[in-house]
Amino acid sequence: MTHSRIACIALLAVVSFTARGEAQGWTRGEVAAAGAALGAALLLDRTFDGTVPDRGGERFESLGETLNHGGRPGYAVVLLLGAWAGGEIAGEPRVAEAAVHVGAALAAGGIANGVLKYSVGRLRPNRTDDPLRFRPFSPENRWQSFPSGHAVVAFSLAAAVSEEARRPWVTALAYGAASAVAWSRVYDDKHWTSDAVGGALVGIAAGRTTVWLLHRRRAAVLAGPGVLGITLPAR
């Protein structure tokens, strides 16, 4: 199967969920842009991989190792537990609630990541020069390149934090840091570019949708049982 066909399939798959996504706060433009980004990354996988030395680059090796910590869920869990405990102790329920919401988004992203890695079965770039080698349902780590788990973690956190904070500078900082984490995985030759882009999209979807659902549930609870005709506030 050619790169162009795979790109078209990816684009059509994302666009086919437009109506459903729009019902969950996603616009048609956002869904189409996501499909286009993934399609473009698939087309450019071989090109970008050619710029990365085998087994990863050395010039920014220390930076890449540092950024990798941002994609490890264990660190995020510790920070979120600290934020939750701090909110409870300080009498700031909004902070504690936000920590729970972000944690739920992280969990949702992790589940999606595990299912996709196992189902897609893509060979990592440090094992081949061909981005189109797949072995679905393989338990071996080398066949679990798509999506990048680090990117999923980083972007699910970024999206959830952005939705909770609702501050432009927080959004810019969160997504900038997540992008750096995703870049480090490509630079380390652990993932194809489309793995990083795919992980970013999965993380953003998990973060935004999870927070949207949790806020919708909270609004319904506050409205009270038996109340009809209530329009829930958009988030």
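- Across all their heavy atoms, Ala205 and Thr209 have their closest contact at O-OG1, 2.8 Å.
- One distance of note links OG1 of Thr193 with CG of Leu43; it measures 11.5 Å at 0.5 Å rounding.
- Following chains of ILVMFWY side-chain contacts shorter than 4.5 Å, one can reach Leu132 starting from Val120, so the two form part of one hydrophobic cluster.
- Taking both residues in full, the closest heavy atoms of Ala178 and Ala158 are given as CB-CB, 4.0 Å, listed atom of the first, atom of the second, then distance.
- Ion pairing between a basic and an acidic side chain is recognised when a charged N comes within 4.0 Å of a carboxylate O; Asp129 and Arg46 show no such pairing.
- Counting all heavy atoms, side chain and backbone alike, Ala200 lies closest to Ala151 at N-CB, 3.9 Å.
- Counting non-hydrogen atoms of other residues, nucleotides and ligands closer than 6.0 Å to CZ of Arg167 gives a total of 12 or fewer.
- Closest approach of Thr210 to Ala108, counting heavy atoms only: OG1-CB, 3.5 Å.
- When the ring-ring contact (aromatic ring centres under 6.0 Å, His included) test is applied to Tyr118, the partners found at least two apart in sequence or on another chain are Phe137.
- Between Arg122 and Asp195 there is a salt bridge, with a side-chain nitrogen of the basic residue lying less than 4.0 Å from a carboxylate oxygen of the acidic one.
- Within the 3.5 Å criterion, the main-chain N or O of Val186 finds no donor-acceptor partner in the side chain of His191.
- Residue Leu81 is not grouped with residue Val100 when hydrophobic side chains (ILVMFWY) are merged at heavy-atom distances under 4.5 angstrom, including chains of intermediate members.
- Residues Leu123 and Phe146 do not share a hydrophobic cluster, clusters being chains of Ile/Leu/Val/Met/Phe/Trp/Tyr side chains in contact below 4.5 Å.
- Note that NZ of Lys117 and CD of Gln144 are 6.5 Å apart. Values are rounded to the nearest 0.5 Å.
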Would you please test Leu201 and Leu38 for side chain to side chain contact (heavy atoms under 4.5 Å, CB included) and show each step?
-> CA-CA 8 Å; Leu201 295 176; Leu38 183 58; 4.0 Å; yes
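- With rounding to the nearest 0.5 angstrom, the NE2 atom of His69 is 9.0 Å from the NE2 atom of His150.
- Between the side chain of Asn126 and the backbone N or O of Lys190 there is no donor-acceptor pair closer than 3.5 Å.
- To the nearest 0.5 Å, the span separating CD on Glu30 from CD1 on Ile204 amounts to 9.5 Å.
- Residues satisfying the ring-ring contact (aromatic ring centres under 6.0 Å, His included) criterion with Trp183, sequence neighbours excluded, are Tyr187.
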ask   = Can Glu88 and Val95 be said to form a side chain to side chain contact (heavy atoms under 4.5 Å, CB included), step by step?
value = CA-CA 8 Å; Glu88 290 290 338; Val95 174; over 6 Å; no
task = Go through the steps for Asp189 and Asp49 under the test side chain to side chain contact (heavy atoms under 4.5 Å, CB included), then give the verdict.
result = CA-CA 8 Å; Asp189 203 28; Asp49 186 58; 3.3 Å; yes
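- Between Ser162 and Thr171 the shortest heavy-atom distance is OG-OG1, 2.6 Å.
- Linking ILVMFWY residues whenever their side-chain heavy atoms come closer than 4.5 Å, directly or via other members, places Trp169 and Leu157 in the same cluster.
- Inter-residue side-chain proximity for Arg133 and Arg127 is flagged as unmet; no heavy-atom pair is nearer than 4.5 Å.
- Glu164 and His215 share a side-chain donor-acceptor pair at under 3.5 Å.
- A continuous path of ILVMFWY side-chain contacts below 4.5 Å connects Val102 to Leu106, so both sit in one hydrophobic cluster.
- Looking at heavy atoms from C-beta onward, Ser148 lies out of side-chain contact with Trp192 at the 4.5 angstrom threshold.
- The shortest distance between side-chain heavy atoms of Arg124 and Asn141 falls below 4.5 Å.
- Of all heavy-atom pairs between Pro73 and Gly71, the closest is CD-O, 3.6 Å.
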